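For clarity, every value in this text was computed on a predicted model and none was experimentally measured. Lettering of chains follows the sequences in order, A, B, ..., and the numbering in each one begins at 1.
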Amino acid sequence: MLDAKFVRDNLDVVAQAMADRGAEWDSGAFEKLDLRRRELIGEVEVRQARRNEASKAIGALMKEGKREEAEAAKEEVRLINEEVTALDAERESIDEQVREILVTSPNLPHESVPVGADENDNVEIRRWGTPREFEFEPVAHWDLGPQMGIIDFETGVKLAKSRFVVLGRDGARLNRALINFMLDTHGSRGYTEWAVPALANSETLFGTGQLPKFEDDLFKTDEGLYLIPTAEVQLTNLHRDEVLEGDTLPRHYCAYTPCFREEAGSAGRDTRGMIRVHQFDKVEMVKFSEPESSFDELEGMTADAENILQLLGLPYRTIVLCTGDMGFGAAKTYDIEVWLPSYENYKEISSCSNCMDFQARRASIKYRDPGTFKGSRLVHTLNGSGLAVGRCLVAVLENYQQTDGSVVIPEVLRPYMGGQEVIQPVG
RNA sequence: GGAGAGGUGGCAGAGUGGUUGAAUGCGGCGGUCUCGAAAACCGUUAGGCGGGUUUCCCCCGUCUCGAGGGUUCGAAUCCCUCCCUCUCCGCCA
């Protein structure tokens, strides 16, 4: 959420930023509502001040036994209350409209973000590794998995519905190995591990920005809870409505969770395989940082995600998203894309963002540092996939497949699979 | 699911209609003392919004005692609804 004061004082900056993002924005409407809102607050509070004064006097008059004067004061308060009630009604209405604007507007892009309309304007900033030259025609995972007996798309549909998948045998073990490998690796680099609920309430989802605007992307229970689309929402909201001690920053957290997405707007996209499914596993990283260092923290987090791919020996490239392609809460985002032979291209496997104070304002996450400043300030929050486990499993299978239909297990994963070196197809 | 108790400032814990944004204790911060520290003593210590002043210093007003509504001139205090926590019983991985 944007800061109303900042918007008020920087209408042109905000208008330009929203235009760069391709977001709807009406500076005039905001300005008008904001002005009226402040007028009304003044009107109401003047009356409330007089009312409080008169009420106090009534108490004193009653004690002194001056009943007639007390009655006169009561009558005055009664009249003030009628005015306040009327003004309050308009104030609430205006308040609601201002809030609606602020709550549904995306974050402002950071100055280092390239301006662009869509994914075609994203800028590649580095590559690592070289896509393997296959001496045979590589098989896409949607064929390879079922052939090997480790991915079962049809049974996923039977058990739930389309875009759900079942992993079996060494596929299930490989999935678990990836999760443990990622958690252990991040843990050794200073990330505190958490296990969090897979369901979240609306306050939590508001805090990270999924609500109110993107409810259609979420699975909702009939109790009003939502299946989490990413552990980011839980890790970030761990400190909702808290004031952290400055000397405990930055905090680096990680968690493994299943993630659930309705994929409402993506019918027809990535329909084959398990690239885009309603439920997938992910290890997520979240950071809480002081404002001064949050962009350094973003570089570090991106490096931590890339580290996983390097250890797995999977070629990737890193791109910086342009203004028009960034997510709602992000001020700057790096996407990491892994090489997938089936796509003959790089495919997103991680997204690392600095949200600056956008989520912190929504979720009220602050810090104090008495030696440096008085009171408390909003922290900056960051989040990044480290990594999407399902897509990572796909990348391992496709990139490490052999002529005979087997898959070599990357060395770093072998300790997590009892020393096993190869996944053999099961009849 | 049934019965009961309760939700107050960083924490603990008073407060059952009037100058209480809230006693007291602990913790935190500042100071006195000390070579330094501890102890002791003194002071200080919520947040949101609006305005003033103006630039980070303070001043004024207002709202906030789980959330929302009601009664009243006035509610942390009374009433209603909801949420949450705890205890006992039941059920259960």
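Contacts with RNA chain B (heavy atom under 4.0 Å) in residues 202-210 of chain A: none are found.
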- In dot-bracket form, how is RNA chain B paired, counting a Watson-Crick or G-U wobble pair only if both its distances are under 3.5 Å and using | for bases paired to another strand? ((((((((.[[[..)..(.....]]]((((((.......))))))(((((((.....))))))).[[[[[..)....]]]]])))))))....
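Other residues, nucleotides and ligands contribute over 12 non-hydrogen atoms within 6.0 Å of the CD atom of A:E242. Environment of NZ in A:K158: sparse, with no more than 12 heavy atoms of neighbouring residues, nucleotides or ligands closer than 6.0 Å.
Taking atom P in both B:G6 and B:G66, one finds a spacing of 14 Å when rounded to whole Å. With both ends at atom P, the span from B:U64 to B:G21 equals 11 Å, rounded to whole Å. Spacing between B:C26 and B:G17 at atom C1', rounded to whole Å, works out to 31 Å. Distance noted for atom P between B:G18 and B:U54: 42 Å (whole Å). Using atom C1' as the reference point in both B:C29 and B:G69, the two lie 41 Å apart (nearest Å). Distance noted for atom P between B:G7 and B:C79: 14 Å (whole Å). A distance of about 24 Å separates the C1' atoms of B:C63 and B:C56, rounded to the whole Å. Comparing the P positions of B:A67 and B:U55 gives an interatomic distance of 38 Å, to the nearest angstrom.
For the residue pair A:S93 and A:Q97, a side-chain donor N or O sits within less than 3.5 Å of a side-chain acceptor on the partner.
Checking the phosphate oxygens (OP1, OP2) of B:G50, a side-chain nitrogen or oxygen of A:R8 falls inside 4.0 Å. At B:G50, one or more side-chain N or O atoms of A:K5 fall inside 4.0 Å of OP1 or OP2 (strictly under the cut-off). Applying the 4.0 Å criterion to OP1 and OP2 of B:C49, one finds that A:R38 has every side-chain N and O outside that range. Contact check, A:K366 against B:G10: no side-chain N or O comes under 4.0 Å of OP1 or OP2.
Salt-bridge check for A:R377 with A:E292: passed, with a basic side-chain N closer than 4.0 Å to an acidic carboxylate O.
Between A:K56 atom NZ and B:U20 atom P there is a gap of 8 Å when expressed in whole angstrom units. When rounded to the nearest whole Å, the span between CE of A:M1 and P of B:G48 equals 12 Å. Look at CG on A:D247: it is 11 Å from P on B:C29, rounded to the nearest Å. In this structure, CD of A:E242 is placed 16 Å from C1' of B:A46, rounded to the nearest angstrom. Rounded to whole Å, atom C1' of B:C49 lies 12 Å from atom CG of A:D3. If you take CG of A:D369 and P of B:C29, they are 12 Å apart, rounded to a whole angstrom. Between A:L102 atom CG and B:G48 atom C1' the separation is 15 Å, expressed in whole Å. When the P atom of B:G47 is taken as reference, atom CZ of A:R377 falls 14 Å away, rounded to whole Å.
For residues 226-248 of chain A, the set of pairs meeting the ring pair (Phe, Tyr, Trp, His ring centres under 6.0 Å) definition, not counting sequence neighbours, comprises A:H239-A:Y253, A:H239-A:F288.
A perpendicular orientation is assigned to the rings of A:H278 and A:F219, their planes being inclined by more than 60° (bins at 30° and 60°).
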- Task: Let me have a per-nucleotide readout for nucleotides 62-86 of chain B, 5' to 3', with B, S or -, counting only protein heavy atoms under 4.0 Å.
- Result: SS---------BS------------
- Hey, mind stepping through A:Q424 and A:D170 against side-chain hydrogen bond (donor to acceptor under 3.5 Å, both in side chains) and telling me if it holds? CA-CA 8 Å; A:Q424 297 291 350; A:D170 280 347; over 6 Å; no
- Take A:E232 and A:Q359 through the side-chain hydrogen bond (donor to acceptor under 3.5 Å, both in side chains) test and state the conclusion after the steps. CA-CA 11 Å; A:E232 167 202 340; A:Q359 293 178 326; 2.8 Å; yes
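Here the side chain of A:K282 pairs no donor or acceptor atom with the backbone of A:C259 at under 3.5 angstrom. Side chain of A:R261 to main chain of A:T230: no donor-acceptor pair is present (N/O by atom type, distance under 3.5 Å, no hydrogens or angles).
Remark: of the listed residues A:D9, A:L11, A:D3, A:N10, A:L11 is the sole one forming a side-chain contact (heavy atoms from CB on, under 4.5 Å) with A:V7.
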Determine all donor-acceptor pairs shorter than 3.5 Å in which one atom belongs to a side chain in residues 176-185 of chain A; sequence neighbours excluded.
from	atom 1	to	atom 2	distance (Å)
A:N180	ND2	A:R176	O	3.4
A:D184	OD2	A:Y416	OH	2.7
A:T185	OG1	A:F181	O	2.7

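In this structure, A:A4 and A:V46 both approach RNA chain B, and ranking their closest nucleotides by distance from the 5' end singles out A:A4.
When the salt bridge (charged side-chain N to carboxylate O under 4.0 Å, His left out) test is applied to A:R276, the partners found at least two apart in sequence or on another chain are A:E263, A:D270.
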